There are 2 protein chains.
Amino acid sequence: MANSIRDVASRAQVAVGTVSNFLNRPDRVAEATRKKIESAIADLNFVPNASARHLRSGSSRTIGLLVPDITNPFFTEVARGAGDTASENDYTLLLCNSDEDPKKEERHLKVLIEQRICGLLITPSFEGLAGVAELNRRNIPTTFIDRKAESLEQSSVSMDDFYGGKSAVKYLASLGHTSIAWVNGPLSIAQCASREAGVMDSAKEQNVKINKFQVNQMRSQNGYEVAKNILESTSQVTAIFCANDLVALGVLRALLENGKKIPTDYALIGYDDIGFSASASIPLTSIAQPAYKLGALAAQMIINEVENGKKFKHEQIVFKPELVIRASTQALRK
Amino acid sequence: MANSIRDVASRAQVAVGTVSNFLNRPDRVAEATRKKIESAIADLNFVPNASARHLRSGSSRTIGLLVPDITNPFFTEVARGAGDTASENDYTLLLCNSDEDPKKEERHLKVLIEQRICGLLITPSFEGLAGVAELNRRNIPTTFIDRKAESLEQSSVSMDDFYGGKSAVKYLASLGHTSIAWVNGPLSIAQCASREAGVMDSAKEQNVKINKFQVNQMRSQNGYEVAKNILESTSQVTAIFCANDLVALGVLRALLENGKKIPTDYALIGYDDIGFSASASIPLTSIAQPAYKLGALAAQMIINEVENGKKFKHEQIVFKPELVIRASTQALRK
DNA sequence: CAATTAAACCGAAACGATTCAATCATGGCT
DNA sequence: AGCCATGATTGAATCGTTTCGGTTTAATTG
């Protein structure tokens with residue numbers, strides 16, 4: 001049923017090698033034969049077999065993208081960006097979701113090696129680093145996403161979390177807030193730790209007081225729960241900064257339920273600027289991360305590395321996040 | 001660098017065919033040789049080459065999933081479900097996102113054919129149906145997701161939208177509401193049309209009055225805008241049912257801004273039960289669709305079809321959506 | 001003990017493309 | 001006319017597996 005390059009060759013009355021040239025280096029084949037081949041392909045409805053192609057040529061033109069949570073809008077944007085650039089360069093993107101499960105992560109890595117991907121984009125979990133080492137041993141280029149590579153032998157595209165934390169506090173200070181609640185996730189997550197460092201740094205500079213609150217998971221429900229502690233705390237905070245939009249949305253819900261007005265009673269800022277933040281009951285001010293760009297650039301970098309081999313220079317690119325101001329913050333009035 | 005089955009064979013001092021048997025039919029090889037091969041594989045760090053395997057065996061063990069919008073939480077859940085069952089059955093899932101763009105859809109279809117996928121899961125756009133016909137011509141099984149197949153030659157896994165529309169209105173009527181605003185998307189979308197049919201059917205049964213409102217796109221912003229019309233309309237509606245959660249969240253925001261109380265002034269229901277609905281400022285009552293199950297079942301069906309060939313019976317499975325009651329609805333008080 | 005049988009193993013051929021050294025045409029130049 | 005350079009085309013070898021008919025080995029039977 002499926003036609004091969006041989007069928008095309010015989011129908012067009014040329015050699016198989018010529019058909020292959022037509023497919024890969026069209027400039028090498030004369031106008032007349034080109035037409036013959038074209039119509040033979042159309043007649044037979046021929047589509048080349050990627051497996052055969054990869055096997056012989058040695059390159060799969062496939063890159064893998066392994067994300068920890070496909071449910072997270074941040075990563076779907078990354079995937080869109082990576083997918084689009086992959087397509088534009090005639091690469092196939094193999095998108096895998098590990099659901100934050102090291103077992104699944106390992107299994108996907110195995111499959112990706114079987115597929116002989118020529119490059120991998122990954123946000124590695126702690127355990128996943130072993131798998132990445134395996135890839136290195138096989139000389140498969142790897143680029144970290146949203147996590148900076150320590151080694152200069154490794155590319156990465158990440159965000160400046162320190163800067164993000166810092167700019168949120170700076171902005172609140174500029175509005176006149178001097179006592180801020182900072183709701184962070186586990187410090188074991190690199191991003192959380194950096195954001196906190198930025199927060200504290202800015203607090204010192206701007207001379208504002210930070211009240212720390214902690215959340216175990218960065219989901220909406222956790223924000224909802226921690227809000228009670230904020231309301232009961234003795235210190236009179238006038239602004240709340242959350243390490244993530246989901247948490248901020250949870251906090252927002254709790255505040256509204258308790259009859260508080262946003263932004264009058266409390267200014268509120270989130271982080272990530274996921275799509276829903278703009279359409280929350282009170283549109284959320286947030287620190288936006290250019291997820292699409294992140295994915296697109298990462299894909300472009302790994303493609304460059306694949307195609308330029310040894311002479312490729314590894315880079316650690318760090319994006320600056322951007323403050324997006326909406327209705328959940330305003331200048332403090334006494 | 002990359003080792004082949006031959007290297008394994010020579011190191012284990014067996015024939016290549018034996019190694020292949022070890023990989024594919026381990027029961028055929030004796031205990032002693034099994035061990036030799038195992039350690040050779042471990043020593044050489046051998047991982048089989050999927051392309052060679054597919055080329056020779058004729059089956060790629062890969063299924064494609066082509067979704068119109070990876071950004072939509074509904075589809076990421078579908079993808080998780082399909083991905084998990086694919087993994088469990090040792091299939092690879094190739095996830096493609098067309099961004100509702102017919103051009104991208106067509107391009108992805110082409111790539112999927114090149115990869116010689118053995119089955120496709122798709123939520124076809126209107127234009128996409130042509131591409132699907134192409135797949136059929138090549139005898140590649142196709143299963144529709146979230147859209148019922150008209151032909152009995154085709155499997156599908158979809159939702160009963162008529163039932164969903166109906167049950168929302170029925171529920172509102174049971175709370176005492178007799179005048180309901182129904183905010184729908186374009187009737188050209190099959191799902192919207194069916195839901196509306198269900199709404200009207202139930203309205204007649206329950207003897208309640210429906211006020212129709214229309215939205216061009218089913219995004220939050222559109223809901224926000226249409227809410228003004230609802231507030232200004234002369235008829236005294238006491239409940240609002242939206243064709244999708246995003247729209248409902250937009251409506252919710254507009255109502256709150258206008259000082260309305262939910263659920264006291266208005267009861268509000270959405271559709272889809274996306275994750276954010278549970279953590280909206282007023283947790284949203286919604287019609288839940290089991291997206292994960294949908295994806296998982298669709299994947300299982302296509303795998304069955306691939307493996308059982310001709311003797312496979314096509315099925316059109318229709319799931320019943322489920323009402324999830326939260327804080328945005330309550331019994332009407334006068 | 002010879003004959004029979006089953007279990008393991010062997011290894012050449014094939015899958016559908018790409019590669020590359022070799023051949024063929026064509027036209028320009030002395 | 002003869003020679004060369006250039007551009008097109010050819011086709012056999014190859015990539016890493018699976019497949020499958022054939023061979024070896026060991027155990028069982030009469």
Side-chain angles (χ1 to χ4, degrees), chain A residues 1-38 40-41 44-62 90 92 110-111 113-118 138, chain B residues 1-38 40-41 44-62 90 92 110-111 113-118 138:
Chain A
M1 189 72 232
N3 288 305
S4 82
I5 208 181
R6 282 207 160 68
D7 303 316
V8 175
S10 77
R11 177 169 252 264
Q13 312 218 60
V14 298
V16 292
T18 307
V19 178
S20 178
N21 276 335
F22 169 86
L23 257 23
N24 300 297
R25 292 176 290 275
D27 48 301
R28 290 244 172 100
V29 1
E31 183 63 19
T33 37
R34 193 179 338 209
K35 279 191 179 150
K36 282 197 293 182
I37 296 178
E38 257 163 13
I41 286 181
L44 296 174
N45 229 294
F46 167 80
V47 175
N49 180 321
S51 291
R53 198 174 252 216
H54 299 167
L55 173 59
R56 176 60 237 232
S57 74
S59 161
S60 65
R61 288 193 87 77
T62 298
D90 280 313
T92 301
K110 171 113 182 290
V111 170
I113 294 177
E114 287 179 355
Q115 301 286 339
R116 298 291 192 268
I117 52 166
C118 48
R138 291 173 192 273
Chain B
M1 190 69 234
N3 287 306
S4 81
I5 211 181
R6 280 207 162 70
D7 303 317
V8 175
S10 78
R11 178 169 251 262
Q13 314 219 58
V14 297
V16 291
T18 307
V19 178
S20 178
N21 277 334
F22 169 86
L23 257 22
N24 301 296
R25 294 176 290 272
D27 47 303
R28 291 247 171 100
V29 3
E31 184 63 19
T33 38
R34 194 176 339 206
K35 278 191 179 148
K36 281 196 294 180
I37 296 178
E38 257 163 13
I41 286 180
L44 297 174
N45 229 295
F46 167 80
V47 175
N49 180 321
S51 290
R53 199 173 252 214
H54 298 167
L55 173 58
R56 175 61 238 227
S57 72
S59 160
S60 64
R61 290 193 86 79
T62 298
D90 280 313
T92 300
K110 170 112 183 291
V111 170
I113 293 176
E114 286 179 357
Q115 301 286 340
R116 297 291 191 271
I117 53 166
C118 48
R138 290 173 191 275

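From a predicted model like this one, the values you see are computed outputs, not experimental measurements. All heavy atoms count here, side chains included; hydrogens, waters and symmetry mates do not. Residue numbers begin at 1 in each chain, while the letters A, B, ... track the order of the sequences.
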Is A:Val19 touching bases, backbone alone, or none of the nucleic acid, heavy atoms closer than 4.0 Å?
-> nothing

Looking at B:Arg25, does any N or O in its side chain come under 4.0 Å of the phosphate oxygens OP1/OP2 on D:dT19?
-> yes

Rounded distance in Å - CZ (A:Arg116) to C1' (D:dG16) | 9 Å

Specify the closest pair of heavy atoms between A:Asn3 and A:Phe46, including all atoms of both residues, with the distance to one decimal.
-> O-CD1, 3.4 Å

What pair of heavy atoms forms the shortest contact from A:His54 to A:Thr62, and how long is it?
-> CE1-OG1, 4.4 Å

Please state how far atom CG in B:Leu55 lies from atom C1' in D:dT14, giving the value in whole angstrom units.
-> 12 Å

Would you indicate which nucleotide in D:dT17, C:dT18, C:dG11 comes nearest to any side-chain atom of A:Asn24?
-> C:dT18

If you check the B:Val29 side chain, which of D:dG16, C:dC9, D:dT18 turns out closest?
-> C:dC9

Among the nucleotides D:dT18, C:dC9, D:dT9, which one has an atom lying closest to any side-chain atom of B:Val16?
-> D:dT18

So, are A:Glu38 and A:Lys35 salt-bridged, with charged N and O less than 4.0 Å apart?
-> no

Specify the separation, in whole Å, of atom CD1 of A:Ile37 and atom C1' of D:dT10.
-> 12 Å

Close side-chain approach of A:Phe22 and A:Ile41, heavy atoms under 4.5 Å = yes

Backbone N or O of B:Arg28 within a donor-acceptor pair of the B:Asn21 side chain at under 3.5 Å?
-> no

Starting from C1' on D:dC15, measure out to CG on B:Asn3 and report it in whole angstrom.
-> 15 Å

Would you say the side chain of B:Arg56 and the base of C:dA14 hold a donor-acceptor pair, judged only by whether the two atoms sit under 3.5 Å apart?
-> yes

Within less than 4.0 Å of OP1 or OP2 of D:dT19, is there a side-chain N or O belonging to B:Ser20?
-> no

Out of C:dC10, C:dG16, D:dT17, whichever nucleotide has its closest atom nearest the side chain of B:Thr18 | C:dC10

CZ of B:Arg34 versus P of C:dA8: gap in Å, rounded?
-> 9 Å

Per A:Phe46 side chain, nearest of listed nucleotides C:dG11, C:dA17, C:dG16 = C:dA17

Nearest nucleotide by nearest heavy atom, which residue falls closer to the 5' end of DNA chain C, B:Arg28 or B:Ser57?
-> B:Arg28

Hey, what bend do you get for the helix from C:dC1-D:dG30 to C:dT30-D:dA1 if you fit axes on five pairs at each end, rounded to 10°?
-> 50°

Please give, in whole Å, the distance from D:dT14 P to B:Arg6 CZ?
-> 11 Å

Nearest 0.5 Å please: distance from the OG atom of A:Ser60 over to the CG atom of B:Asn49.
-> 9.0 Å

Atom NE2 of B:His54 to atom P of C:dC15: distance rounded to whole Å?
-> 18 Å

For C:dG16, take OP1 and OP2 only and decide whether either is under 4.0 Å from a side-chain N or O of A:Ser51.
-> no

To the nearest 0.5 angstrom, please state how far the CD atom of A:Gln115 sits from the OG atom of B:Ser51.
-> 6.5 Å

Closest to the A:Ile5 side chain: C:dA17, D:dT9, D:dC15?
-> C:dA17

For atom CG of B:Asn21 and atom P of D:dT23, their distance in whole Å | 18 Å

Min side-chain heavy-atom separation A:Val47-B:Arg138 under 4.5 Å | yes

